[in-house]
Chemist: 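I am attaching a structure below and will ask some questions about it afterwards.
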Amino acid sequence: MTEAVFETLAVVGPGLIGSSVLRRVREFPGLARRTIAVDIDPAVCARVQELGIADEVTTDAAEAAAQADCVLLCVPAGAMGHVAASVLPAMKPGAILSEVGSVKVSVIEAITPYLRPDIAYVPVHPMAGTEFSGPDAGFATLFEDRWCLLTPLEDTPHEAIEATLTFWERCGSRLREMTPAHHDRVCAIVSHLPHLLAFTICGTADDLADETRSEVLDFAASGFRDFTRIAASDPIMWRDIFLLNRKALLEMLARFTEDAQAMARAIRWADEEYIVDRIERGRKIRKSLIQNRQA
Ligand SMILES: NC(=O)C1=CN([C@@H]2O[C@H](COP(=O)(O)OP(=O)(O)OC[C@H]3O[C@@H](n4cnc5c(N)ncnc54)[C@H](O)[C@@H]3O)[C@@H](O)[C@H]2O)C=CC1
Ligand SMILES: O=C(O)C(=O)Cc1ccc(O)cc1
């Protein structure tokens, strides 16, 4: 039988990501022998209990942390600092603190002041999710064939990195290590900017419907419908991501705005070659994602 990576895993914030981890541990051997789910919201705790996806459920983060050899924070990125502050003093010497925040530099900065020398901190980011939130939204196969990015610090102990890599590998993820700053620039373009565009285009279409009293939204064709899926994402989570990755996101938005202006100019002057070239690049990217089973 495969030995479990962790004896006791505490998941703080069993929402979409946290409950998917808990379900994975339940359904697949070799991840953790015992799980504790912790949430600030008693209604979430009650639901996790009903779902039967954790061995123990509590609102007391310190009590759970004291029993765990890995504490995985799955709370909104803006809450990571104070949640880390509440679990770290209670953690067992030699235990691992990990978190799945979508932004790395600011979250690491928020957690660092509370770190202890005998706790290994391993920041990760599973590049997997949906527009839904909460414990009912999770599923055990969420991380399969999806990237999980690790952004260890210079002094993160090797064994803690290895254990974390094995854990996510057994969740079905593809793994890549990178610096936190590089992570934030990559995610700004592939994840954060697309969400910003989706929220914005939905707002613009809604304003147009108000202005013209037309049924812009009723007749929205499939292109717009694809944007509305992303635009249905959780407002608090995305507020935190935008503000915590402000610098890289604004830089990518400026780049995008320039490229959109170039497309506008090509359309104005009927520059067919430019327009076709840009569309062909999009098709190529989509095709390579499908080939890599990422779409
Ligand atoms: N939703 C997604 O597709 C992805 C999200 N992430 C990151 O994962 C984290 C969690 O996201 P989701 O699972 O979507 O959120 P969610 O909203 O589904 O779950 C978050 C849970 O944290 C709980 N919580 C909030 N503050 C807390 C506190 N102080 N103590 C204990 N529990 C607390 C909430 O009650 C909720 O149950 C975020 O940092 C997000 O950036 C990473 C990859 C994908
Ligand atoms: O639903 C989608 O399309 C997503 O992009 C999910 C997602 C949201 C946040 C992340 O940090 C990673 C993945």
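Everything quoted here is computed from the prediction, not taken from an experiment. All ligand and atom numbering here is 1-based and tracks the order in the structure. Heavy atoms only: backbone and side chains are in, while hydrogens, waters and symmetry mates are out.
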Chemist: Out of curiosity, is F132 lining ligand 2, as in a heavy atom under 4.0 Å away?
Modeler: no
Chemist: Look at the rings of W238 and H195 and say which category their plane angle falls in: under 30° parallel, 30 to 60° tilted, over 60° perpendicular.
Modeler: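 It falls in the parallel class, under 30°.
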Chemist: Given D240, V124, D39, identify the one with the heavy atom nearest to atom 36 (C) of ligand 1.
Modeler: D39
Chemist: Which residue and non-hydrogen atom of the protein lie closest to atom 25 (C) of ligand 1, and at what distance in Å?
Modeler: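 Going atom by atom, the protein heavy atom closest to atom 25 (C) of ligand 1 ends up being P76 CD, 3.6 Å.
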Chemist: Could you tell me whether some N/O pair between V75 and ligand 1 is separated by less than 3.5 angstrom?
Modeler: yes
Chemist: Which atoms of ligand 1 have any heavy atom of A77 under 4.0 Å away?
Modeler: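 The atoms of ligand 1 under 4.0 Å from a heavy atom of A77 are 39 (O).
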Chemist: Heavy-atom count check: over 12 atoms from other residues, nucleotides or ligands less than 6.0 Å from K247 NZ?
Modeler: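 For K247, atom NZ is not crowded (no more than 12 foreign heavy atoms under 6.0 Å).
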Chemist: Going by the order shown, which atoms of ligand 2 are within less than 4.0 Å of some heavy atom of H125?
Modeler: 10 (C), 11 (O), 12 (C)
Chemist: Side chain or backbone, does S102 bring an N or O within less than 3.5 Å of an N or O on ligand 1?
Modeler: yes
Chemist: Suppose we measure from atom 22 (O) of ligand 1 to each protein heavy atom; which comes out shortest, and what is that distance?
Modeler: G13 CA, 3.4 Å
Chemist: Does even one non-hydrogen atom of H125 get within less than 4.0 Å of ligand 1?
Modeler: yes
Chemist: Among all the protein's non-hydrogen atoms, which is closest to atom 43 (C) of ligand 1, and how far away is it?
Modeler: P126 O, 3.2 Å
Chemist: Considering non-hydrogen atoms of the protein only, which is the closest contact for atom 29 (N) of ligand 1, and what is the distance?
Modeler: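 Ranking protein heavy atoms by distance from atom 29 (N) of ligand 1, first comes V83 CG2, 3.3 Å.
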Chemist: Which protein heavy atom lies closest to atom 14 (O) of ligand 1, and at what distance to 0.1 Å?
Modeler: M237 SD, 3.7 Å
Chemist: List the closest protein heavy-atom neighbour of atom 44 (C) of ligand 1: residue, atom name, distance to the nearest 0.1 Å.
Modeler: A128 O, 3.0 Å
Chemist: Going by the atom numbers of ligand 1, which of them fall below 4.0 Å from some non-hydrogen atom of G15?
Modeler: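 It comes down to these atoms of ligand 1: 13 (O), 16 (P), 18 (O), 19 (O).
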Chemist: May I ask you to list the atoms of ligand 1 that are less than 4.0 angstrom from any heavy atom of S133?
Modeler: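 Listed by number with element, the hits are 17 (O), 18 (O).
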Chemist: When you check the gap from the basic side-chain N to the acidic O, do D234 and R239 get nearer than 4.0 Å?
Modeler: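 Salt bridge absent between D234 and R239.
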Chemist: For ligand 1, which part of V103 has a heavy atom less than 4.0 Å away: the side chain, the backbone, both, or neither?
Modeler: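 Answer for V103: neither.
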Chemist: State, without any angle test, whether R23 and S19 hold a side-chain donor-acceptor pair at a distance under 3.5 Å.
Modeler: yes
Chemist: Within the supplied structure, the quantity of interest is the number of heavy atoms (other residues, nucleotides, ligands) at a distance under 6.0 Å from R278 CZ; does it exceed 12?
Modeler: yes
Chemist: How close does the nearest protein non-hydrogen atom get to atom 8 (O) of ligand 1, and which residue and atom is it?
Modeler: V100 CG2, 3.4 Å
Chemist: Would you mind checking which non-hydrogen protein atom is closest to atom 32 (N) of ligand 1, with the distance to 0.1 Å?
Modeler: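 Residue, atom and distance for the closest contact: I40 N, 3.3 Å.
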Chemist: Out of H192, H195, M127, E131, who gets a non-hydrogen atom closest to atom 4 (C) of ligand 2?
Modeler: H195
Chemist: G101 heavy atoms, cut-off 4.0 Å: which ligand 1 atoms fall inside?
Modeler: 39 (O)
Chemist: Within the structure, is a non-hydrogen atom of S20 found at a distance of less than 4.0 Å from ligand 1?
Modeler: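 S20 does not count as a contact of ligand 1 under the 4.0 Å cut-off.
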Chemist: Yes or no: does D234 have any heavy atom under 4.0 Å from an atom of ligand 1?
Modeler: no
Chemist: Answer yes or no: is there an ion pair linking R47 with D136, defined by an N-O contact shorter than 4.0 Å?
Modeler: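 Looking at D136 together with R47, the answer is yes, because their closest N to O distance falls below 4.0 Å.
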Chemist: Provide the number and element of each atom of ligand 1 under 4.0 Å from a heavy atom of V12.
Modeler: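 Here the atoms of ligand 1 in question are 31 (C).
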Chemist: Considering only heavy atoms of I17, which atoms of ligand 1 have at least one such atom less than 4.0 Å away?
Modeler: 4 (C), 5 (C), 6 (N), 8 (O), 13 (O), 43 (C), 44 (C)
Chemist: Please determine if G134 has a nitrogen or oxygen closer than 3.5 Å to a nitrogen or oxygen of ligand 1.
Modeler: yes
Chemist: Would you say M127 touches ligand 1, if touching means a heavy atom closer than 4.0 Å?
Modeler: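 In this structure, M127 fails to qualify as a contact of ligand 1 - no heavy atom is under 4.0 Å.
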Chemist: Taking non-hydrogen atoms only, is E99 closer than 4.0 angstrom to ligand 1 via side chain, backbone, both or neither?
Modeler: neither
Chemist: Which ligand 1 atoms does C74 reach within 4.0 Å, using its non-hydrogen atoms?
Modeler: 9 (C), 10 (C), 20 (C)
Chemist: By number and element, which atoms of ligand 1 are closer than 4.0 Å to a non-hydrogen atom of G129?
Modeler: 3 (O)
Chemist: Does this structure show an ion pair linking K104 with E99, if we count only N-O contacts that are shorter than 4.0 Å?
Modeler: yes
Chemist: Any idea which atoms of ligand 2 are less than 4.0 Å away from a heavy-atom of R229?
Modeler: 1 (O), 2 (C), 3 (O)
Chemist: Backbone, side chain, both or neither: what part of A61 comes under 4.0 angstrom of ligand 1, heavy atoms only?
Modeler: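 For A61, there is no contact with ligand 1 at all, from either part.
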